[in-house]
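Chain letters run A, B, ... following the sequence lines, proteins first, then strands; residues in each count from 1.
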2 protein chains.
Amino acid sequence: MTGIRQLASRLDISIGTVSRALNDRPGVNAETRARVLQMADEIGYFANASGRSLRRGSTGAIGVVIETGSPSALGGDNFFFALLDAMQEVLTEQDYDLVLLPTRHAADPLDSFRRMIRRGMVDAIVLTATRRNDPRIELLLGSKVPFLTLGRSETPGDYSWIDLDFERVARTSVDRLVALGHRRIAVVTPTGDANLAFLYADAAVRALAEHGIDGPPDLILRAEPSEGGGVMVARDLLTRPERPTAIMCCSEPMTTGLYSEFLQAGLRIGRDMSVIGFRDNPHCRYLSPAPTCFALALDELGQHVANAIASIAAKDRTAAPRIRTIWPMEFRETASIGPPRSPDRS
Amino acid sequence: MTGIRQLASRLDISIGTVSRALNDRPGVNAETRARVLQMADEIGYFANASGRSLRRGSTGAIGVVIETGSPSALGGDNFFFALLDAMQEVLTEQDYDLVLLPTRHAADPLDSFRRMIRRGMVDAIVLTATRRNDPRIELLLGSKVPFLTLGRSETPGDYSWIDLDFERVARTSVDRLVALGHRRIAVVTPTGDANLAFLYADAAVRALAEHGIDGPPDLILRAEPSEGGGVMVARDLLTRPERPTAIMCCSEPMTTGLYSEFLQAGLRIGRDMSVIGFRDNPHCRYLSPAPTCFALALDELGQHVANAIASIAAKDRTAAPRIRTIWPMEFRETASIGPPRSPDRS
DNA sequence: ATCTATTTCGGAAACGTTTACGGCAGGGCT
DNA sequence: AGCCCTGCCGTAAACGTTTCCGAAATAGAT
């Protein structure tokens, strides 16, 4: 056992001085501090996390809540791992530890969640994959744990969030497809309560309406955000007497499924069927033709999130600003879209 | 603040009794226990994690170490999220918390890693993505933290591991391709130190040798385990005067890249080029034709891992058995392989 | 009625750390 | 020389919980 007492007794010094030396507190001789640091390094001493956080009242850890066991709308690719990588770069600089807190989608998420925040394992929480009405946010608002959500929600309250610009993505997609001559455009969003689905669909419908396209909503579709969901949607559309000439969707696995089924049916993507996906992710990039989609500065987003949650977690909670960021995405057009093949009759 | 003292004073009872009641310790009246539990529920009391683990000497948390910022050979977060889901099902039953500890691939992994285990944030560690020679394992062996690695390693020592059956996967792939008539078979593994790359390649080479195929090793290839890596490999092979008639690879993103480039070059997969991938993952399933690959009972694997790490983390470390599991995978043949098109001359 | 065993509970110590407080030098000032 | 101030350090009290130990009370047995 290498506690602070062993370290102190080895140096013939009091534990108070040792602690001060290690924590860069004033009131300790420079030479003594050097001796302490060297000995600590030598015997491999690290302050015990429980003791420290018990005394300090904070753990120095930031928890990112992720949900396992359900297909994630934002693509089952390395989205989270890449984001975490950038976050950790910033957070370790600020002496925060980063831990992921997986919660099971199938089980009641609330009770495991409640435990997490009540026990005080982390100083602050980043909540991901927000739902349209998210009881987890209510729980957090009712607790003392500062938090930040990655994604907006309809759940009211005074909290900070960071989200992608789904509205502009949807609007840009519609504008471009209409400019190419499309009139029958299918919009497909993930099932479930993920708020992004509503933001995307609503914005798309508004944009379509502005172009005078507000036909029956049978082209606003929902499916499971997985490859299988994309296949189902494609099959559905292929059986329709007047099938759409373009389709836009905000889930990458779904885009993959759409491709698979359309190609199977002999359609040429970009000519017989225009496809706009969502995020520019590596998996999609090697579909052919690569889907038109929207690029995202993932590193910078991660850094922004990290800085935001660090400032929120800071003890000095007086001047903690409310953060509300809508992160831009850049349009990347490819050969996956083109003018409609046969003139549309609608 | 809702500490155990508030709870006790509300009930006019000592904190000792409250603690005994909450922890199902003997020596407390059934009626008193019921009152305590009800009041705890009422005011939303949860024992503070720092205080508890300080006194108990264990945190009740199991850490899964993952590496961010590098393409993962086993394909993205789908694999891990699914595994984690199954693990948590088992671990919550045993009153363990599950936390993910992301470490940055780019940064020096050792020091952040050292902090993690020395601070005693977790009772036990699951180490993923083991490398052939893995300094992290040495660090863990030198510490008091019980651990389990997901993946074998050449690093010697007396530790438990669970791994997939890469040898049988490689052997089965070779056997089947040879049975179909292939003689020029490319074997491609990820670059980097991931141990699975060596296991797979070595087993493939042995199997080829047993079939009398031990030509020059210019068909044993390595590439980054990403779509881009697959593309590079495919381009390389396409320029060769005598290109192979089959290719087997143990990384799903790489398989996607191979498909993309081969299709681009006008090859028909399963006829002009036979392809065997590795894991049966959703992303690959919607390539066409779906790659021949190997299925894996991910749920059961997760449960097995959870049970293993729980038994390893148990306080009673006397009878902790050493666990060494090689997890089977089931061959799934599809139209992505077939007899070689033009008779091979070698 | 006394003694013992059992049940139930309160008091207090302990876990490892940080930090407020006070003390002891030594130096600079009047 | 006396005084105050500063720099350094040791002591001890917290943080919230679990658990050991002993006390009180009740029941049972002789």
Side-chain angles (χ1 to χ4, degrees), chain A residues 1-37 39-40 43-61 95 97 115 117-123 144 315, chain B residues 1-37 39-40 43-61 95 97 115 117-123 144 315:
Chain A
M1 281 290 102
T2 61
I4 200 175
R5 288 198 170 78
Q6 281 68 34
L7 186 50
S9 76
R10 271 196 193 231
L11 291 162
D12 259 336
I13 241 181
S14 80
I15 61 170
T17 306
V18 171
S19 176
R20 273 188 296 267
L22 292 173
N23 292 353
D24 264 335
R25 284 279 178 289
V28 41
N29 192 331
E31 194 250 355
T32 323
R33 165 165 299 152
R35 282 205 310 144
V36 171
L37 289 180
M39 179 63 81
I43 71 173
Y45 169 82
F46 279 88
N48 176 281
S50 306
R52 159 175 290 184
S53 54
L54 178 57
R55 166 68 219 212
R56 281 202 187 161
S58 70
T59 62
D95 279 325
D97 287 328
R115 276 197 338 170
I117 65 184
R118 285 276 170 70
R119 279 206 196 291
M121 292 189 55
V122 292
D123 290 347
K144 296 293 175 202
K315 278 209 160 176
Chain B
M1 283 289 104
T2 61
I4 201 175
R5 288 199 170 78
Q6 281 69 34
L7 185 50
S9 76
R10 270 195 193 232
L11 291 162
D12 258 336
I13 242 181
S14 81
I15 62 170
T17 305
V18 171
S19 176
R20 275 187 295 267
L22 292 173
N23 293 352
D24 264 335
R25 285 279 178 289
V28 40
N29 192 332
E31 194 250 356
T32 322
R33 166 165 297 152
R35 282 205 311 144
V36 171
L37 290 179
M39 178 63 81
I43 70 173
Y45 170 81
F46 278 88
N48 176 280
S50 305
R52 159 174 292 185
S53 54
L54 178 58
R55 167 68 220 209
R56 281 201 186 160
S58 70
T59 62
D95 279 326
D97 287 329
R115 276 195 340 169
I117 64 183
R118 286 275 171 69
R119 279 207 197 291
M121 292 189 55
V122 291
D123 291 346
K144 295 294 176 202
K315 279 210 161 176

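In this structure, A/Arg25 atom CZ and D/dG7 atom P are separated by 17 Å, rounded to whole Å. Regarding B/Ile4, its CD1 atom lies at a distance of 14 Å from the C1' atom of D/dC15, rounded to whole Å. Residue B/Asn23 contributes atom CG, which lies 11 Å from atom P of D/dT17 at whole-angstrom precision. Atom pair A/Leu7:CG and C/dG16:C1' shows a separation of 13 Å (rounding to whole Å applied). A/Asp24 places its CG atom 14 Å from the C1' atom of C/dT18, with the value rounded to the nearest Å. B/Arg56 has its CZ atom 16 Å from the P atom of C/dG16, to the nearest Å.
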Report all side-chain donor-acceptor pairs from residues 18-32 of chain A shorter than 3.5 Å, counting only partners two or more places apart or in another chain.
unit_1  : atom_1 : unit_2  : atom_2 : d
A/Arg20 : NH2    : A/Thr17 : OG1    : 3.4
A/Arg25 : NH1    : A/Asn23 : O      : 3.3
A/Asn29 : OD1    : A/Glu31 : N      : 3.0

Could you pull out every donor-acceptor pair under 3.5 Å between side chains of residues 43-51 of chain B and any protein atom, sequence neighbours left out?
unit_1  : atom_1 : unit_2  : atom_2 : d
B/Asn48 : OD1    : B/Ser50 : N      : 2.8
B/Asn48 : OD1    : B/Gly51 : N      : 2.9
B/Ser50 : OG     : A/Ser53 : OG     : 2.8

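Taking the C1' atoms of five terminal pairs at each end of the helix from C/dA1-D/dT30 to C/dT30-D/dA1, the two resulting helix axes are inclined by 60°, rounded to 10°.
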Report summary line: Protein heavy-atom contacts under 4.0 Å, written 5' to 3' over nucleotides 8-13 of chain C as B (base), S (sugar-phosphate only) or - (none), form the string SBB--B
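Qualifying side-chain contact (heavy atoms from CB on, under 4.5 Å) partners for A/Leu11, counting only residues two or more places apart in sequence or in other chains: A/Leu7, A/Ile13, A/Arg35, A/Val36, A/Met39.
For the atom pair CZ (A/Arg52) and OG (A/Ser58), the distance works out to 9.0 Å, reported to the nearest 0.5 Å. Distance check: B/Asp97 CG to A/Arg119 CZ gives 6.5 Å after rounding to the nearest 0.5 Å.
Listed by residue number, the members of residues 44-54 of chain B with any heavy atom below 4.0 angstrom from DNA chain C are B/Leu54.
Other residues, nucleotides and ligands contribute at most 12 non-hydrogen atoms within 6.0 Å of the CZ atom of A/Arg10.
Across all non-hydrogen atoms, the minimal contact from A/Ser9 to A/Gln6 is OG-O, 3.1 Å.
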